[in-house]
Amino acid sequence: MKILQATISPHLESILSEMGVGKDAWESLLQPSREASQGDLTLPCFPFASVLRKAPQAISDEIAGLFPQLEALASVSSVNGYLNFTANPEWLADAVLSDQVHIGSALENSGRTGETVLLEHTSANPNGPFHVGRARNAILGDTLVRLHRLHGDDVRAEYYVDDMGKQVGVLAWALDNLSEEDVNELLSEREPPSERWLTKADHQRVRWYQAAQILRKDADEERKAQIEKEIGSLVHASEHGDVAVLESFEAAYTPVLEGMLATLSRLGISYDTFTKESRFVVDGTVAKLMETLDGLQISDTADNGAGFLDLGQRGLKGKTEFFYRRGDGSSLYATRDVAYHMWKWGESNRLVNVLGEDHKLQAKQVGLTLEELGQKRPEVLFYSFIKLPEGKMSTRQGNVVFMDDLLEEAHAQASAVVRELRPEYDDDKVAQIAEAVGTAAVRFNIIKVSPEKGFTFRWEEALAFEAGSAPFIMYAHTRACSISKRAHALPTSPIQPPSADAMPEGLVELLRLMCKHNDVLERSVREQKAHLFALHMLELANAYNGFYRDCPVVKENEVDGFAFAISQMARELMRSGLEGLGITPIEEM
RNA sequence: GGGCGUGUAGCACAGCUGGAUAAUGCGUCGGCCUCCUAAGCCGAAGAUCGCGGGUUCGAAUCCUGCCACGCCCGCCA
């Protein structure tokens, strides 16, 4: 709780320096208490024992005895060598009601902090429908975009379009060379495509891609060689910046990309800018970059003319050669990525990338190369893959859960719950609530766990609507909205905070959580850990439920001004916080 | 073989810049709707924090060895 810390630190400083303990020695030790029953802030006094030649308990007793009576504090206690500070709830209430807790908005750039962030996420190959395996990147990335905005940073969400190379080449070749009958025959043993997505281009075109992949693997040797030659020449042309070929690639993948973006949009995910990989080949920056790399001290040339950097000299372990140019003179994906990052540094002063754990080595190579070029490396958030209980997902093999299907199912299940719980709602209202609840549950299920944790997708967990899920937070918010609507029509007493003794536990806990709200957001954004904020929102909603239990706002058709003011503030924090998580804060459910 | 990551109640997961009784949800057991939406609230049971060693006043957290799982080690993307 930063606001409390700022209030007590000067007093601690003067007492401890008098005793002979410098600020460096204690500042980092003062931290939030583990348990609310202990207080709000705790200073363990054990480290001072050897310096002061006194028992920890004696030291904490002494500090507690010397500590002045502050309005902000309810108590300073000394227990087992720990010095515990408990905030005065009246002071917390005052902080909450005097705009010291910032609400903010996750939906637009406010420029409040003056910081700009270019956040690249998703950047999935446009070769097929968006599936759950790819979702962690997009959901994590979009949530970070939103949290940065909520924090007050100017954010640009960027999608790097992989519009060249083999994946797109295969798709383009297949669309040019295979008929619908060819495709149906090649895929006859696969599950047929869902009727539901017959008009969605990503679901249609991925079949050409899959059929081509089967041919490349199972056709007779002569046909296989012919196909590889044709695809190879397309890829080769694209990598040398052949504009006609790149345009044919674009024609092949654009409808697929549009289908993917439509899916993402349903999850509330959108991008400010799209940058095509080929851009840096066509405009010559990649060629120039390769010349620059040739001139570096750690650069070397292989027998066939390929260029590489020996990153072992810069501390890379394992395989130390980083190839940036093929023997035929063309660039590699990673080379273009370096060029892309050089460009990005011209666009923003903070770069954040969201990448799968399989890109760790690659990202390290790109980072070291950027440093070698006198540039900074970007911040990278790595995440582990989402697997199915039966194994890894793969677009090529077709064992995936499509996000479109998951969202339909989520909507259907949410809809069933709403109909059962609220039989009086009409169809439109049910649909609107079901859409918000269903997509929120899917997002939250992924956001709430830390990214490096391996994740197995399970339907029943993605579609949980109880405590610990998004609908739990949404529900607390609707309660606050419901109170707000009722209270506005009734006479309201002046805002008169009760004395600390008269404040019930549920109220005090809510005040604490609200005072911590900005701290958690700040840390969440600084460390790129969306799950910290997600879990805090769960706690905030839980605390609101406790407040709801203990503090009736409307009593006998009169509104308690103080309780109402707290409720309204909590409502605002829940609303903006939900938006920060990409959840639609509906008012009724 | 080398590098990186993960291992915490039946299940899932937080805590990992060392601090008190290891937090939360699901599941299990028990209680609460004449009162602001019960998608809620209250209570109970349930944990050798993968295993061994070390550092420390103090280790889930730091160091080290081992075990299990995941990802990577292409002139692919």
Side-chain angles (χ1 to χ4, degrees), chain A residues 28-29 31 33-35 37-38 42-47 49-50 55-56 79-82 84 125 162 164-169 235 277 302 304-308 316-321 323-328 330-334 336-337 356-362 364 382 384-385 387 392 414 417-418 420-422 433 437 445 448-450 452-456 458 460-461 464-476 478-487 490 506 531-532 535 538-539 541-542 545-546 548-556 559 563-564 567 588-589:
Chain A
S28 64
L29 292 171
Q31 54 199 251
S33 306
R34 283 282 166 124
E35 308 246 341
S37 60
Q38 292 156 354
T42 294
L43 183 72
C45 295
F46 305 92
S50 60
V79 185
N80 301 331
Y82 295 90
N84 292 327
N125 271 317
D162 198 349
M164 48 193 296
K166 199 151 267 177
Q167 306 245 19
V168 182
V235 172
E277 186 181 344
N304 66 351
F308 66 90
L316 188 70
K317 289 178 218 159
K319 193 209 167 219
T320 61
E321 292 164 346
F323 280 88
Y324 58 85
R325 189 185 51 227
R326 290 198 187 91
D328 71 359
S330 64
S331 63
L332 287 113
Y333 176 82
R336 288 167 238 142
D337 207 23
E357 61 179 340
D358 56 336
H359 280 67
K360 275 188 183 176
L361 176 61
Q362 166 101 44
K364 182 126 196 179
F382 292 106
S384 292
F385 291 115
K387 295 174 300 186
K392 203 174 159 179
V417 172
V418 181
E420 192 188 326
L421 261 29
R422 313 278 181 257
I433 294 169
V437 167
N445 181 237
K448 72 175 178 187
V449 311
S450 56
E452 67 276 11
K453 201 79 112 184
F455 192 104
T456 302
R458 293 187 180 88
E460 62 274 24
E461 280 167 20
F465 300 149
E466 302 134 314
S469 73
F472 175 83
I473 310 171
M474 298 168 85
Y475 186 70
T478 62
R479 279 179 151 180
C481 289
S482 169
I483 287 177
S484 180
K485 272 180 219 151
R486 272 199 62 172
L490 294 168
H531 73 282
L532 294 180
L535 295 168
L538 235 26
E539 285 183 53
N542 185 244
N545 285 333
Y548 185 89
R549 177 194 68 221
D550 290 347
C551 291
V553 173
V554 180
K555 275 180 275 192
E556 286 144 23
V559 176
F564 183 46
S567 179
E588 286 175 292
M589 63 186 275

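Throughout, protein chains are lettered first and strands after them, A, B, ... in sequence-line order, and every chain is numbered starting at 1.
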Practice task
Kindly indicate, with the supporting measurements, whether the criterion side-chain contact (heavy atoms from CB on, under 4.5 Å) is fulfilled by Val437(A) and Met474(A).
Solution key: CA-CA 8 Å; Val437(A) 167; Met474(A) 298 168 85; 4.1 Å; yes
Completion exercise
Partner of C33(B) under the Watson-Crick or G-U wobble criteria, both distances under 3.5 Å, comes out as none
Exercise for the section: Would you classify Leu316(A) as touching base, sugar-phosphate or nothing, given that sugar-phosphate means primed atoms plus P, OP1 and OP2, and contacts are heavy atoms under 4.0 Å? Expected result: nothing
Handout entry: 5' priority, RNA chain B, between Val418(A) and Pro44(A) [closest heavy atom]
Key = Pro44(A)
Practice task
When you get a sec, tell me which of A14(B), G27(B), G19(B) is the closest nucleotide to the side chain of Glu466(A)?
Solution key: G27(B)
Practice task
Could you tell me whether Cys45(A) contacts a base, only the sugar-phosphate backbone, or nothing, with contacts defined as non-hydrogen atoms closer than 4.0 Å?
Solution key: nothing
Problem - Spacing of the P atoms in C41(B) and C26(B) (rounded, Å) - result: 9 Å
Completion exercise
Scanning all shown strands, the Watson-Crick or wobble mate of G46(B) with both distances under 3.5 Å is none
Problem - Lys319(A) (side chain) donor-acceptor with Glu321(A) (main chain) under 3.5 angstrom - result: yes
Handout entry: Distance below 4.0 Å between Arg549(A) side-chain N/O and C32(B) OP1 or OP2
Key = no
Practice task
In whole angstrom, give me the gap between the C1' atoms of G25(B) and C69(B).
Solution key: 24 Å
Exercise for the section: Quick one: do Asp162(A) and Val168(A) satisfy side-chain contact (heavy atoms from CB on, under 4.5 Å)? Show the steps, please. Expected result: CA-CA 8 Å; Asp162(A) 198 349; Val168(A) 182; 5.5 Å; no
Problem - Footprint string (nucleotides 65-77 of chain B, 5' to 3'): B base within contact, S backbone only, - free, heavy atoms under 4.0 Å - result: -----BSSSSBSB
Problem - Syn/anti label of C63(B) as read from its glycosidic torsion, with the cut at 90° from 0 - result: anti
Practice task
Indicate, with a heavy-atom threshold strictly under 4.0 Å, whether Pro56(A) touches base, sugar-phosphate, or nothing.
Solution key: nothing
Practice task
Identify whether any heavy atom of Val553(A) sits under 4.0 Å from a base atom; if not, whether one sits that close to sugar-phosphate; answer base, sugar-phosphate or nothing.
Solution key: base
Problem - Test of ring centre spacing under 6.0 Å for Phe472(A) and Phe465(A) - result: no
Practice task
Could you pull out the closest heavy-atom pair between Cys45(A) and Pro56(A), with the gap in Å?
Solution key: CB-O, 3.9 Å
Problem - Pairwise P distance, A59(B) and A22(B) [rounded to whole Å] - result: 14 Å
Problem - Pairing partner (Watson-Crick or G-U wobble, both distances under 3.5 angstrom) of A23(B) - result: none
Practice task
Indicate, with a heavy-atom threshold strictly under 4.0 Å, whether Val168(A) touches base, sugar-phosphate, or nothing.
Solution key: nothing
Practice task
Answer with base, sugar-phosphate or nothing: what part of the nucleic acid does Arg479(A) contact at a heavy-atom distance below 4.0 Å?
Solution key: sugar-phosphate
Fill in the blank from the handout: Per atom distances to the Val79(A) side chain, the nearest of G40(B), A20(B), C36(B) is A20(B)
Fill in the blank from the handout: Asn545(A) atom CG is separated from G25(B) atom P, nearest whole Å, by 12 Å
Completion exercise
Separation of C35(B) atom P from Tyr548(A) atom OH, nearest Å, is 11 Å
Practice task
Give one of base, sugar-phosphate or nothing for Leu43(A), where a contact means two heavy atoms less than 4.0 Å apart.
Solution key: nothing
Problem - Whole-Å C1' distance, C49(B) and U24(B) - result: 16 Å
Exercise for the section: Would you mind classifying the nucleic acid contact of Thr42(A) as base, sugar-phosphate or nothing, using non-hydrogen atoms under 4.0 angstrom? Expected result: base
Practice task
Counting Watson-Crick and G-U wobble pairs only, both distances under 3.5 Å, name the nucleotide matched with A68(B), or none.
Solution key: U6(B)
Problem - Value in whole Å for how far the P atom of A12(B) lies from CG of Leu535(A) - result: 17 Å
Practice task
Rounded to whole angstrom, note down the C1' distance from A60(B) over to A20(B).
Solution key: 15 Å
Practice task
Could you tell me whether Glu539(A) contacts a base, only the sugar-phosphate backbone, or nothing, with contacts defined as non-hydrogen atoms closer than 4.0 Å?
Solution key: nothing
Practice task
Select from Val554(A) and Glu461(A) the residue whose nearest nucleotide in RNA chain B is closer to the 5' end of that strand.
Solution key: Glu461(A)
Fill in the blank from the handout: Rounded to whole Å, the CE-P distance (Met474(A) to G40(B)) equals 13 Å
Exercise for the section: Write down the distance between CD (Gln31(A)) and C1' (A20(B)), rounded to a whole number of angstrom. Expected result: 12 Å
Handout entry: Ring geometry between Tyr82(A) and Phe46(A) (parallel below 30°, tilted from 30 to 60°, perpendicular above 60°)
Key = perpendicular
Exercise for the section: For Arg336(A) and Ser331(A), indicate whether the former's side chain and the latter's backbone hold a donor-acceptor pair under 3.5 Å. Expected result: yes
Exercise for the section: In sequence, state the C-alpha distance, the side-chain angles, and the governing distance for Thr478(A) and Glu588(A), and then conclude on side-chain contact (heavy atoms from CB on, under 4.5 Å). Expected result: CA-CA 5 Å; Thr478(A) 62; Glu588(A) 286 175 292; 5.5 Å; no
Problem - Closest to side chain of Met589(A), choosing from G25(B), A39(B), C36(B) - result: A39(B)
Practice task
Classify the side-chain pair Arg326(A)/Asn304(A) by whether it contains a donor and acceptor separated by less than 3.5 Å.
Solution key: no
Handout entry: Rounded interatomic separation in angstrom, taking CD from Glu452(A) and P from U61(B)
Key = 17 Å
Completion exercise
When rounded to whole Å, the NZ to P distance for the pair Lys448(A) and G15(B) reads 14 Å
Practice task
Specify the separation, in whole Å, of atom CG of Leu538(A) and atom P of C41(B).
Solution key: 10 Å
Practice task
Report the nucleotide, chosen from C13(B), A39(B), G40(B), that has the shortest atom-to-atom distance to any side-chain atom of Lys453(A).
Solution key: C13(B)
Exercise for the section: Sort out the partner of C16(B) for me: Watson-Crick or G-U wobble, both distances under 3.5 Å, none otherwise. Expected result: none
Exercise for the section: Ignoring the backbone of Leu532(A), work out which of G7(B), G19(B), G15(B) is nearest its side chain. Expected result: G15(B)
Handout entry: Touch class at under 4.0 angstrom, heavy-atom based, for Asn84(A) against every strand present
Key = base
Practice task
Would you mind reporting whether His359(A) and Lys364(A) have side-chain heavy atoms less than 4.5 Å apart?
Solution key: no
Practice task
Give a yes or no on whether the backbone of Glu35(A) and the side-chain of Gln38(A) come within a donor-acceptor separation of less than 3.5 Å.
Solution key: yes
Handout entry: Rounded distance in Å between the C1' positions of C13(B) and C35(B)
Key = 36 Å
